[in-house]
There are 2 protein chains.
Amino acid sequence: MSKADPLRTIPMFNSLTAKDRRKMAGEVVETRYGKGDYIFREGDPAEAFHILKEGSVKCVKSSPDGKEVTLKVLMPGDLFCCAASVFDGATHPGCAQPIGNVSVLRLSKKAYFDLLRRNPDAAFEVIKYLGNRLSEAQENAKVLALDRAEQRLASLLIKLSSRAGVREADGIRLTVRLTRQDLADMAGVAVETATRIMGQFKRARLVSGTAKRLVIHNLGRLEQLMLSASSSSK
Amino acid sequence: MSKADPLRTIPMFNSLTAKDRRKMAGEVVETRYGKGDYIFREGDPAEAFHILKEGSVKCVKSSPDGKEVTLKVLMPGDLFCCAASVFDGATHPGCAQPIGNVSVLRLSKKAYFDLLRRNPDAAFEVIKYLGNRLSEAQENAKVLALDRAEQRLASLLIKLSSRAGVREADGIRLTVRLTRQDLADMAGVAVETATRIMGQFKRARLVSGTAKRLVIHNLGRLEQLMLSASSSSK
DNA sequence: CTAAAAACATGACCTTGGTCATGTTTTGAA
DNA sequence: TTCAAAACATGACCAAGGTCATGTTTTTAG
């Protein structure tokens, strides 16, 4: 990995001049995490700005009784959910766990502030990014509030295929390793429900495989399913 | 209302100098809406930056089969959900409807961009605002994914009491008029479920009244309810 | 290669809360 | 004040999906 310019692949730094980017590069600390690690935990003070460089990370919130929701799976280039908590000196609203091996860039509060202050375009990028994440979160809320399990899973697979999918001979393969439990936590259903519905999908040749290699064969049909009314079409 | 400085009461403009603020004031258009109006609809192109000045507004998304979720109730000073869609030339991700009579400030795309470019602190405010809204949305997703109806309603009432409540002799009165249907749409449950649970709460002296005048008598107990585990406490 | 652990799968049962139906009360406009 | 419309309330029924139990397959570490 080019130690010289670790920011090269991060869209949010595109607007910087090469010079500014080199300067930033000096401030950035790269850290690697593996299975079982926490990048940070819910409630930890948010003291730095994080960007995902390599691998994937899940942002998780958990309830007192041990259940979990996965709010978001980050892909390389993503800012961490809490990009803004840093401002208020607030704590992290959820925890971040690597999926497999990952590499994270960390920028100090001060450097982050400086960057934004001196570079309006970077601030624009952050605003745009947060705005997109907000609509995403709202779309998600809609799904959680109105859709039933089958539709939730369908939406989820569609979203994943566009964010983490690569075309292959027999369909779209997800480049991130997600167990049925992970899918369940993202869709807000029980694991058993997730396996059952993935079973249906599998039987209908819409998908195949499990975490190791999950392929989506029929995106169109999934889209239909996602849109089909919940139950009694009044 | 002071036509001279309509921005006076808007926190996001606090960081501006009086001079800048006066200049902005010239660019801002104030519009009033009433019952039945739409401030904008889902899918409309987002061409201006909106701020709520007076009254309350609900941001709603609806599904093909007529069901609705209310993502957020805006109070005076709030930026509209889609503050960032403006950047991408995207469309509004949801619609905005007044609750009663409201007054909205509208700032052209150009003036908004100028403001942010020339005034890093204003950009910081927007980032901070969006960040808070994002955590809020994520907290909400957690509730929708993990909590059951009773807890959802309890959380909702707690949130409302802090955002739109005023202390009174017998408890905290909500300054925004919300029907059972509104509460249901916010909590992601059916109207009947909302009335039934509000009925329980009423019998337990936790709340009283309906939309016209909704009062929360026992916040503490509601907090307990909100935290109580979903079901089998393993 | 093997053993332990993790992930996947499936059946039986039961609770939550959605749906439908119907009736009452409140609100607001004429 | 009156009357229609909206909001509130409640009961009966039922299905989606959560929970629990158990077994199989896959993955991974040593």
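Letters A, B, ... are given to chains in the order of the sequence lines, protein chains preceding strands, and every chain is numbered from 1. None of the values given here were measured: they were computed from a predicted structure.
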How many whole angstroms separate atom CG of A:Leu146 from atom P of C:dG17? 16 Å
Please check: side-chain N/O of B:Arg221 versus main-chain N/O of B:Ala204, any donor-acceptor pairing under 3.5 Å? no
For B:Arg177, report the nucleic acid contact type (base, sugar-phosphate, nothing); a contact means any heavy atom under 4.0 Å. sugar-phosphate
Between C:dT19, D:dG17, C:dG18, which nucleotide gets closest to the side-chain atoms of B:Lys67? C:dT19
Could you check B:Val57, B:Leu178, B:Thr179, B:Asp182 and say which one makes a side chain to side chain contact (heavy atoms under 4.5 Å, CB included) with B:Ile99? B:Leu178
Just how far, in rounded Å, is P of D:dT27 from CZ of A:Arg213? 12 Å
Starting at CD1 of A:Ile99 and ending at P of D:dT27, how long is that distance when rounded to a whole Å? 17 Å
Without decimals, in angstroms, what is the distance between A:Glu150 CD and D:dG17 P? 8 Å
Mind grabbing the angle between the end helix axes of the helix from C:dC1-D:dG30 to C:dA30-D:dT1? Five pairs an end, 10° rounding. 60°
Distance flag, aromatic centroids of A:His50 and A:Phe40, threshold under 6.0 Å: yes
Decide, yes or no, whether a salt bridge links B:Glu136 with B:Lys72 under the criterion of side-chain N to carboxylate O below 4.0 Å. yes
Give a yes or no answer on whether the side chain of B:Arg180 reaches the backbone of B:Glu192 with a donor-acceptor pair at less than 3.5 Å. no
For a quick check, with a 4.0 angstrom heavy-atom cut-off, what is the B/S/- contact string for nucleotides 4-12 of chain C, read 5' to 3'? ---SSSBBB
Let's go through B:Val104 and B:Leu52 carefully: what are the C-alpha distance in whole Å and the side-chain angles of both, what is the deciding distance for side chain to side chain contact (heavy atoms under 4.5 Å, CB included) to 0.1 Å, and is it a yes or a no? CA-CA 5 Å; B:Val104 171; B:Leu52 181 58; 4.2 Å; yes
Counting only N and O atoms by type, is there a donor-acceptor contact under 3.5 Å from the side chain of A:Thr175 to the main-chain atoms of A:Ala164? yes
Between B:Lys61 and B:Glu68, does a side chain to side chain contact (heavy atoms under 4.5 Å, CB included) hold up when you go through it step by step? CA-CA 6 Å; B:Lys61 256 182 190 273; B:Glu68 301 190 337; over 6 Å; no
